[in-house]
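A short write-up of the structure that comes next.
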Amino acid sequence: SSFVIQLPANVQTGQPKVIQSSDKLTRSPFPVQSKAKLLLIEEDEETRKALVDLLETSGYDPIQAPSGQEGLDLAAQQNPELIILDVALTGFDGWTVLTKLQDNAALTDIPVIILSATTDTDMALSLGATAVINKPVDAVGLTAEIAMLLTPFARNQVLLVEDDPNSRTLITRMLERENWILRTAANGKAALRVLKKNHPAIILLDLKMAGMNGFELLELMHKNPEWTKIPVIIISSMDLTQEMRANLAPRVLAILQKGQFSREELADLIRPAVESSLLAER
């Protein structure tokens, strides 16, 4: 047997863990004089510095915490608009920090973006995270996610509650021609954060999601007189039984099977709700 090993002549070390692309960054939706306070919980000094530079360039006021405990303390003291949390922390790891944040009634509504080097999306969402960004971090994707989560929600917007990124992209593209403002939430818990601040014109809801699923979100909405007025369209791949459909029917506008409806069908269902919301604002 013959084995050949090739080694590089020159080894570059200290490569940046954040992809800097300042020409395409999404800026903060707030005025320069009203910078949103963001808490960054990141142990690695190099990564933390790169992310702080990125957040400052994008128009935010970042607060740094090099450990989970310091992050929890700063979250309670500073009450940031948003938290960016790395899961690979020593001591209190990211999962412990996320759980403690969600268990604190004063902090549970702060959106948390998880940074992870592995595919922990389901676990992160089940523990209450709002979004997951994989490492190495794409600066364009991170700043776009932050801006979307912090932008004030208009009543005429469409809220898509869907944890599968491919389905989110597909539905977003289907609705682009209508020029509607679309906001996305990765699960029921993230959607609740939106509903507590403002009411969308209509909700497109998946049923099977990590963390709070569509059934649980509908149950909570049913208990709130204001939320029950928001029309809901179910978009799911689940094979619903007749009993499930009968229970869902009084609470939703329509039930669509993924992959079995056209853009026109979906748009025709959404359009009256958006138009009604726009009229109500005048």
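- Among all heavy-atom pairs drawn from Gly188 and Met209, the shortest one is N-CE, 4.0 Å.
- Nearest heavy-atom pair, Pro225 versus Lys229, reported as atom, atom and distance to 0.1 Å: O-CG, 3.6 Å.
- By the 4.0 Å N-to-carboxylate-O rule, Asp86 lies close enough to Lys135 to be salt-bridged with it.
- Minimum heavy-atom separation, Leu269 to Ala254: CD1-CB, 3.8 Å.
- Put simply, CD on Glu176 and CZ on Arg263 are 10.5 Å apart, with the number rounded to the nearest 0.5 Å.
- Closest approach of Leu55 and Pro62 over heavy atoms only: CD1-CB, 3.8 Å.
- Side chain to side chain, Thr47 and Glu42 fail the donor-acceptor criterion of an N or O pair below 3.5 Å.
- Thr26 is linked by a side-chain contact (heavy atoms from CB on, under 4.5 Å) to Thr143, Ala144, Ala147, counting only residues two or more places apart in sequence or in another chain.
- Interatomic distance, Leu207 CG to Ser236 OG, rounded to the nearest 0.5 Å: 4.0 Å.
- Of the charged side-chain nitrogens involved, at least one lies within less than 4.0 Å of a carboxylate oxygen, so that Lys258 and Glu162 count as a salt-bridged pair.
- Ile181 and Ile230 are assigned to two separate hydrophobic clusters, defined by single-linkage of ILVMFWY side chains at heavy-atom distances under 4.5 Å.
- In terms of heavy atoms, Trp227 sits closest to Leu195 at NE1-O, 3.5 Å.
- Apart from Leu107 itself, the hydrophobic cluster it occupies contains Leu39, Ile41, Ile63, Leu72, Leu74, Ile83, Leu85, Val87, Leu89, Phe92, Trp95, Val97, Leu98, Leu101, Ile110, Val112, Ile114, Met123, Leu127, Val132, where clustering links Ile, Leu, Val, Met, Phe, Trp and Tyr at side-chain heavy-atom distances under 4.5 Å.
- A donor-acceptor pair shorter than 3.5 Å can be found between the side chains of Asp93 and Thr96.
- Taking both residues in full, the closest heavy atoms of Asp163 and Ala210 are given as OD2-N, 3.4 Å, listed atom of the first, atom of the second, then distance.
- One side chain, Gln69 or Asp73, offers a donor N or O that lies under 3.5 Å from an acceptor on the other.
- With sequence neighbours left out, the side-chain contact (heavy atoms from CB on, under 4.5 Å) criterion links Ala267 to Glu178, Trp180, Arg271.
- Residue Met212 is not grouped with residue Leu125 when hydrophobic side chains (ILVMFWY) are merged at heavy-atom distances under 4.5 angstrom, including chains of intermediate members.
- Using a 4.5 Å cut-off on side-chain heavy atoms (C-beta onward), Ile235 and Leu205 make no contact.
- At a cut-off of 3.5 Å, with distance as the only test, a side-chain donor of Glu70 or Ser67 sits close to an acceptor on the other residue.
- For the residue pair Thr90/Glu43, the side-chain donor-acceptor check at 3.5 Å is satisfied.
- A salt bridge links Asp53 with Lys49: at least one charged nitrogen is closer than 4.0 Å to a carboxylate oxygen.
- Under 4.0 Å is where a charged nitrogen must lie from a carboxylate oxygen, and between Glu81 and Lys35 no such pair does.
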